[in-house]
Undergrad: 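One structure, pasted below without further comment.
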Amino acid sequence: MSTTQAGQIASASVDVGGQEIVFETGKLAKQADGAVVVRSGETMILATAVGRPDARPDADFFPLTVDVEEKMYAAGKIPGGFFKREGRATERATLTARMIDRPIRPLWPKGFRNEVQVICTVLSADLVTPHDILCINGASAALMISPLPFLGPIGAVRIGRLDGELVINPTLEQMEESSLDLIVVGTAEALTMVEAGADQVPEETILEALELAHAEIRTICAALESLRGQVGKAKWVDTDLTAELEAAHGEAVRSAIAGHGIKEAGTVVEALVEELSPPVSMTSTEDDMTKRAQVRASLAAILERARVAAVEGPLREQFLGNLRELTDAEQDSKELKSAKRDLLLNRILEELQLPFPVGAEPAEGEPAVKDAATKQYVKRAFEAVYKDLVRKKIAVDKRRPDGRSEEEIRQVSAEVQVSPRTHGSALFTRGQTQIMTLLTLGTMKEGQRIDDLSLEQNRRYMHHYNFPPFSVGETGFMRGPKRRDIGHGALAQRALEAVIPPVEDFPYTLRLVSETLESNGSSSMGSVCGSTLALMD
């Protein structure tokens, strides 16, 4: 591993399986919060990360978006089709974006709700070195040098198997002959994601490959820490500062809630921000703005925890028994379960007694009406306590939400020849998950032409997955496959393609379509089962 720095341009390089990977920052896309160019061979990608300094109002999830842009110029190609420019993301780009999203999504401070976007653009593709692994490592590098509070780094490697020997980061040509395609992502301490396709490889080989991959991942993480040490920006969330402010001002925040309520306590925090951070003036520096952002983020985290705790305690005291009863409703139909949930939540919103002001002073003899902010935190506390009770029922009481014991499986049924005009069809049902897979055979001329940055030209086996809204009893738009649909179809395809007969024995194009008719469990695994039956049919 080596590092260099010249002016504002910094780089770090690492040897992975005999191949050099170079990370460089400070030259391209400098207005992004983090931007890193990753090179290996003549493949080059630009990874950028940008986040909003303030949390999205009322967000109850982490708004992270990951996009991969495969530019055909990267391989000296002109896009096919009439318009001759890239349109919607290719299937491979969508799968790579999902592969980046999965390992980085958990590595953020609890409660972080700021919008974050990661974009990986393929600038050059030598059709030797795959760009997907570089994109994962590039995304990690961009987040590490940015002010975003990413709890990384992570590293990624691919393990192949040629002539019985494991190969680190095999080339695209080698992957054509490999009996294993194992992508491993992790931190220096542990693995965070494993995705694999294999031609019936023994378990001990997989374990050996995981050990080999993690050793290389540690090397990559060390290189990214080195790059961060050179040019990394101060993070918006400083855990030491948060602990310091909690000790000094946590009680004042809790007192503000007790005296003025959930909503008005926010003004106290704003006053603390102005008191503890440098005021904005014409002489303010970047360091001043960073300090202000860190103070604001720390106090916001302290306020959030205090608000939740202020509501959760009384909620547990007054309604714990009712919430336990609600966990038994998991066995009811979706409509009945939802009705019971809404009934209890509305009752809690109306009857919950809180030891602090909850809104405008009511008229004499009238009950206090909770303001919108207080209701929002009552709902959050409701969800948190309910989730905790369900988890304890599973982990401690050994009872599943649907009433099964830890050793019971859902009822499984299978049926073939459910569609009279298709070449193969099957219906697979497991509990409340139901998949119908339908198989169509065609001539070799009907295969799919692939127009992306890979060596694949034509595909004779295609697996498509659909998830209509009625499968979960909802309404929704029907506007083509979503990223999840593409990912689940590829997952089932990867599981089955090793057992599809070779073209020499079976010179046909195969298209499998898995229609999700009901979903309450793993519909992607149900698709593998249903597709197996349809192929056998």
Side-chain angles (χ1 to χ4, degrees), residues 25 32-34 49-57 59 61-64 104-116 118 140-154 187-189 221 224-260 262-281 283-310 312 377 380 384:
T25 185
D33 290 325
V50 176
R52 291 185 178 274
D54 300 314
R56 181 187 288 183
F61 64 98
F62 173 33
L64 169 68
I104 67 174
R105 186 171 289 275
L107 298 179
W108 298 83
K110 186 176 180 180
F112 187 70
R113 297 290 184 265
N114 300 38
E115 192 171 351
V116 174
V118 175
S140 174
L143 289 168
M144 286 299 293
I145 66 170
S146 76
L148 304 174
F150 176 60
L151 304 176
I154 59 168
T187 65
E189 291 76 31
C221 289
L224 298 187
E225 288 285 10
S226 170
L227 188 66
R228 179 190 177 189
Q230 296 179 64
V231 293
K233 301 172 185 175
K235 297 294 184 183
W236 290 338
V237 177
D238 184 327
T239 53
D240 292 337
L241 177 62
T242 302
E244 179 185 326
L245 293 179
E246 171 70 46
H249 303 283
E251 189 56 43
V253 172
R254 290 186 284 274
S255 297
I257 294 174
H260 305 287
I262 291 286
K263 182 179 180 180
E264 296 303 321
T267 60
V268 175
V269 167
E270 286 298 323
L272 283 171
V273 170
E274 297 300 325
E275 177 186 337
L276 300 173
S277 56
V280 179
S281 68
T283 59
S284 293
T285 64
E286 291 294 333
D287 289 342
D288 292 334
M289 297 307 295
T290 298
K291 177 69 174 178
R292 190 178 185 85
Q294 289 176 334
V295 169
R296 182 181 293 277
S298 294
L299 289 172
I302 293 166
L303 177 61
E304 179 73 11
R305 288 197 295 266
R307 282 170 163 172
V308 172
E312 189 173 317
Y377 280 92
R380 289 191 190 182

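For the numbers below, each heavy atom of this structure counts, side chains included, while hydrogens, waters and symmetry mates do not.
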Undergrad: Return the minimal non-hydrogen interatomic distance between Leu148 and Val50, and the atom names on each side.
TA: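 Smallest interatomic distance, heavy atoms only, reads CD1-C, 4.2 Å.
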
Undergrad: Is there a donor-acceptor pair under 3.5 Å between the side chain of Ser277 and the backbone N or O of Val295?
TA: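 Such a contact is absent between Ser277 side chain and Val295 backbone.
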
Undergrad: Can you tell me how far apart CG (Leu64) and CZ (Phe150) are? Round to the nearest 0.5 Å.
TA: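 The distance works out to 9.5 Å.
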
Undergrad: If I compare all heavy atoms of Trp108 with all of Pro149, which pair ends up nearest, and what's the gap?
TA: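 Residues Trp108 and Pro149, closest heavy atoms: CE3-O, 3.7 Å.
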
Undergrad: How long is the span from the CG atom in Asp288 to the OG1 atom in Thr283, to the nearest 0.5 Å?
TA: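 Atom-to-atom, Asp288:CG and Thr283:OG1 are 7.5 Å apart.
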
Undergrad: Side chain of Lys291, backbone of Pro278: donor and acceptor closer than 3.5 Å?
TA: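 Absent.
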
Undergrad: Minimum heavy-atom separation for Thr242 and Ile302, please, with both atom names.
TA: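 Shortest heavy-atom separation between Thr242 and Ile302 comes out as O-CD1, 3.8 Å.
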
Undergrad: Run the numbers on Asp287 and Thr290 for side chain to side chain donor-acceptor pair (under 3.5 Å), then give the verdict.
TA: CA-CA 5 Å; Asp287 289 342; Thr290 298; 5.1 Å; no

Undergrad: Leu299 vs Glu270, test: side chain to side chain contact (heavy atoms under 4.5 Å, CB included). Steps then yes/no.
TA: CA-CA 9 Å; Leu299 289 172; Glu270 286 298 323; over 6 Å; no

Undergrad: Kindly compute the distance separating CG (Leu303) from CD1 (Ile257), expressed to the nearest 0.5 Å.
TA: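 The distance works out to 5.5 Å.
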
Undergrad: Does the pair Val280 and Met289 meet the rule for a side chain to side chain contact (heavy atoms under 4.5 Å, CB included), with working shown?
TA: CA-CA 8 Å; Val280 179; Met289 297 307 295; 4.2 Å; yes

Undergrad: For a side chain to side chain contact (heavy atoms under 4.5 Å, CB included) check, start with the C-alpha distance between Val253 and Glu246, then their side-chain angles and the critical distance, and finish with the verdict.
TA: CA-CA 9 Å; Val253 172; Glu246 171 70 46; over 6 Å; no

Undergrad: Which atom names give the shortest non-hydrogen contact between Asn114 and Phe62, and what distance separates them?
TA: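 It is O-CE1, 3.4 Å.
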
Undergrad: So, the side chain of Thr267 versus the backbone of Glu264: is there a donor-acceptor pair under 3.5 Å, distance only?
TA: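 Yes; judged by distance alone, with no hydrogens or angles, the pair exists.
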
Undergrad: Can you name the closest pair of heavy atoms from Pro279 and Arg292 and give their distance?
TA: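 In terms of heavy atoms, the two residues are closest at CA-NH1, 4.1 Å.
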
Undergrad: Looking at Glu275, I want to see if its CD is surrounded by more than 12 non-hydrogen atoms of other residues, nucleotides or ligands under 6.0 Å.
TA: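 Buried by this count: over 12 neighbours within 6.0 Å.
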
Undergrad: Given Arg380, which partner from the list Glu304, Arg307, Glu312 fulfils the side chain to side chain contact (heavy atoms under 4.5 Å, CB included) test?
TA: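 Checked Glu304, Arg307, Glu312 against Arg380; only one passes side chain to side chain contact (heavy atoms under 4.5 Å, CB included): Glu304.
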
Undergrad: Could you check Leu107 against Thr187 for side chain to side chain contact (heavy atoms under 4.5 Å, CB included), going step by step and ending with a plain yes or no?
TA: CA-CA 10 Å; Leu107 298 179; Thr187 65; 4.2 Å; yes

Undergrad: Check this for me: Arg105, atom CZ, are more than 12 non-hydrogen atoms of other residues, nucleotides or ligands nearer than 6.0 Å?
TA: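 Yes, enclosed.
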
Undergrad: Applying side-chain hydrogen bond (donor to acceptor under 3.5 Å, both in side chains), can you list everything that pairs with Glu225, at least two apart in sequence or on another chain?
TA: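 Glu225: no side-chain hydrogen bond (donor to acceptor under 3.5 Å, both in side chains) contacts found.
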
Undergrad: So does Lys235 get a backbone contact from the side chain of Gln294, meaning a donor-acceptor N/O pair under 3.5 Å?
TA: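 Yes, the answer is positive, given that a donor and an acceptor are paired below the 3.5 Å cut-off.
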
Undergrad: Atom OG in Ser298, atom CG in Asp240: separation rounded to 0.5 Å?
TA: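 Answer for the OG-CG pair, Ser298 versus Asp240, is 9.5 Å.
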
Undergrad: Quick one: which of Ser146, Pro109, Pro147 gives a side chain to side chain contact (heavy atoms under 4.5 Å, CB included) with Trp236?
TA: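 Looking at Ser146, Pro109, Pro147, the match for Trp236 under the side chain to side chain contact (heavy atoms under 4.5 Å, CB included) is Pro147.
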
Undergrad: How far apart are the closest heavy atoms of Cys221 and Ala188, and which atoms are they?
TA: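 Closest approach of Cys221 to Ala188: SG-N, 3.8 Å.
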
Undergrad: Rounded to the nearest 0.5 Å, what's the gap from CD on Gln230 to OG1 on Thr25? Could you check?
TA: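 The distance works out to 9.5 Å.
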
Undergrad: Give, for atom CE of Met144 and atom CZ of Arg228, the distance between the pair rounded to the nearest 0.5 Å.
TA: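 Answer for the CE-CZ pair, Met144 versus Arg228, is 4.5 Å.
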
